[in-house]
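What follows is a short report on a single structure.
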Amino acid sequence: MNQRIPFLDMKSPYRELKDELDHAYHRVMESGWYILGEEVEAFEQDFAAYCGAKHCIGLGNGLEALHLILRAYGIGQGDEVIVPSNTYIATWLAVSYTGATPVPVEPDLRTYNLDPQRVESAITSRTRAILPVHLYGLAADMDPLMSLADKYNLRVIEDAAQAQGARYKGRLSGNLGHAAGFSFYPGKNLGALGDAGAVVTNDESLAGQVRMLRNYGSKVKYFNDVKGYNSRLDEMQAAFLRVKLNHLNEWNERRSTLASAYLNSLSNVNDLILPFVPDWASPIWHIFPIRHPRRDDLQKYLKNGNVDTLIHYPVPPHLSKAYVEMGIPKEAFPVAETIASTELSIPMGPHMDLDAVEYIINLLKEFD
Ligand SMILES: *Cc1c(COP(=O)(O)O)cnc(C)c1O
């Protein structure tokens, strides 16, 4: 292949939707209203309806979505929140921002998602919430987590940043726990053209709290009930997201077609571990994660073959410099560390074609 295959094609989405996005842009520019207006309200209604949930609150980004849910539930200093040991650091940071302690639990090595059995052993009298991540676009095993929540009176907060449209037993993410935090970072399956995020929930009182917290802690302009934040989805991003939401299902379908090609053709390749899809899951393939014992060599080999890849993620949060104060030693979370040292994300996206997938499949078959 003469042309480089990008990890994710970020230019074609605009080419495909240019007329609609340009129209949205002009609508907002001419409205003269840029923060918390009709576009945000319309997107909130559309996205809540899409998830089959009652409320959606548009926010500045996904990290704030998780943080504001925790704050709104009154979680803070002295509390513990269970998080996966193998996630993007934002999941942990949202907990740290509140003053609570993130308590890492190892994932199931097949699904890369929180292992409910290990979760139960990590629950203490201080545990207030479980924060499962639907990593790589595959829903976490939610039923056992919800049972634990009932048994120990905990909140379950979905980190749905990678899971717009992902299903668990037929139900959509955003509607699987007590509340969900979404990110619409440009590279996510539903991506804005800048930073954006949202909280989705059926809990009316939580929705009201988050609405207040995102806007300086005020319900009525200049009257502030609590020390809130500034984390508002802006009108321009909301207008773009309304356009892109209409294409989300189709674009997720296109990813699925490519994922099936990878899964069907790579099942017998030496040493290569493919993603596992439990029968209750309909993943949206935010990422197509493979694992290999010689991951770094494989990454170089693909790069020489003009294929861009990424690692999600090279450093698990407990070994990151940002969390040295927790004093967690190396090898404390061997599953997370195994994933970090063997995972490789190969190209995937709604604007990639099957020829590129075939090319990558052949390259992978020839790696030795
Ligand atoms: C992207 C992401 C976030 C954070 O979203 P931002 O919009 O970048 O703040 C949180 N958790 C996970 C798992 C993510 O992938």
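Throughout, residue positions are numbered sequentially from 1 according to the sequence presented.
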*asked:* Given 3.5 Å as the limit, does a donor-acceptor pair link the side chain of Asp271 with the main chain of Arg294, or not?
replied: no

*asked:* Between Ser218 and Val226, is there a side-chain heavy-atom distance shorter than 4.5 Å?
replied: no

_Go through it in stages, so that I can follow the logic: the residues are His286 and Asn189, the test is side chain to side chain donor-acceptor pair (under 3.5 Å), and I'd like the CA-CA distance, side-chain angles, deciding distance and then a yes or no._
CA-CA 6 Å; His286 172 57; Asn189 288 38; 2.9 Å; yes

*asked:* Between the side chains of Arg214 and Glu44, is the shortest nitrogen-to-carboxylate-oxygen separation below 4.0 Å, so that they form an ion pair?
replied: yes

*Looking only at side chains, do Ser147 and Asp150 share a donor and an acceptor under 3.5 Å apart?*
no

*Do the non-hydrogen side-chain atoms of Arg27 and Glu39 ever get within less than 4.5 Å of each other?*
yes

_Candidate pair Arg255 and Ile284, rule side chain to side chain contact (heavy atoms under 4.5 Å, CB included), full reasoning_ = CA-CA 7 Å; Arg255 287 174 183 260; Ile284 56 159; 5.7 Å; no

*What distance do Leu319 atom CG and Lys330 atom NZ have between them, rounded to the nearest 0.5 Å?*
6.0 Å

*Any pair with a residue in residues 73-95 that passes ring pair (Phe, Tyr, Trp, His ring centres under 6.0 Å), sequence neighbours left out, goes on the list, sorted by first then second residue, please.*
Tyr88-Tyr313, Trp92-Tyr323

*asked:* As an exercise, state the distance from CD1 of Ile361 to CG of Leu263, rounded to the nearest 0.5 Å.
replied: 9.5 Å

*What about the rings of Phe7 and His312, do their centers lie closer together than 6.0 Å?*
yes

Which atom pairs, donor and acceptor, lie under 3.5 Å between side-chain atoms of residues 49-65 and protein residues at least two apart or in another chain?
residue : atom : partner : partner atom : Å
Tyr50   : OH   : Asn249  : OD1          : 2.6
Asn61   : OD1  : Leu63   : N            : 3.1
Asn61   : OD1  : Glu64   : N            : 2.7

*For the residue pair Glu106 and Pro334, establish whether any side-chain heavy-atom pair is separated by less than 4.5 Å.*
yes

*Please identify each residue that fulfils ring pair (Phe, Tyr, Trp, His ring centres under 6.0 Å) with Phe288, with sequence neighbours left out.*
Tyr262, Trp285

*Taking the side chain as C-beta and beyond, is there a heavy-atom pair between Arg232 and Tyr216 under 4.5 Å?*
yes

*For side chain to side chain contact (heavy atoms under 4.5 Å, CB included), just list the numbers for Gln237 and Phe43, CA-CA rounded to whole Å, side-chain angles, deciding distance to a tenth of an Å, and then say yes or no.*
CA-CA 10 Å; Gln237 296 307 332; Phe43 173 70; over 6 Å; no

*Evaluate side chain to side chain donor-acceptor pair (under 3.5 Å) for Asn202 paired with Asn175, printing each intermediate quantity in order.*
CA-CA 8 Å; Asn202 289 313; Asn175 205 359; 2.8 Å; yes

_Phe240-Tyr25 aromatic ring centre distance below 6.0 Å_ = no

*asked:* Within the structure provided, determine whether Ser320 and Ile89 are in side-chain contact (heavy-atom separation under 4.5 Å).
replied: yes

*Residue pair His67, Tyr229: steps toward the ring-ring contact (aromatic ring centres under 6.0 Å, His included) verdict*: CA-CA 11 Å; His67 171 219; Tyr229 303 86; 4.9 Å; yes

*If you measure only the distance, is there a donor-acceptor pair under 3.5 Å linking the side chains of Glu343 and His292?*
no

*asked:* Are Met326 and Val324 packed together at the side-chain level, in the sense that at least one heavy-atom pair is separated by less than 4.5 angstrom?
replied: no

*Is the distance between the ring centroids of Tyr136 and Tyr112 under 6.0 Å?*
yes

*To the nearest 0.5 Å, what is the distance between CD (Gln45) and CD (Glu41)?*
7.0 Å

_Between Val83 and Val103, does the side chain to side chain contact (heavy atoms under 4.5 Å, CB included) criterion hold? Intermediate values first, please._
CA-CA 6 Å; Val83 294; Val103 174; 5.9 Å; no

*Hey, are Glu80 and Thr124 close enough side-chain-wise for a donor-acceptor pair under 3.5 Å?*
yes

*Can you tell if the side chain of Arg295 reaches within under 4.5 Å of the side chain of Ile311, non-hydrogen atoms only?*
yes

*Find out whether the Lys NZ or Arg CZ of Arg110 is both under 6.0 angstrom from the six-membered ring centre of Phe276 and within 45° of the ring's axis.*
yes

*Is the closest basic N to carboxylate O distance between Glu20 and Arg15 below 4.0 Å?*
no

_Test of understanding: clusters of I, L, V, M, F, W, Y form through side-chain heavy atoms closer than 4.5 Å, transitively. Do Ile290 and Ile339 belong to the same one?_
no

*Min side-chain heavy-atom separation Ile346-Leu310 under 4.5 Å*: no

*So, are Asp143 and Lys169 salt-bridged, with charged N and O less than 4.0 Å apart?*
yes

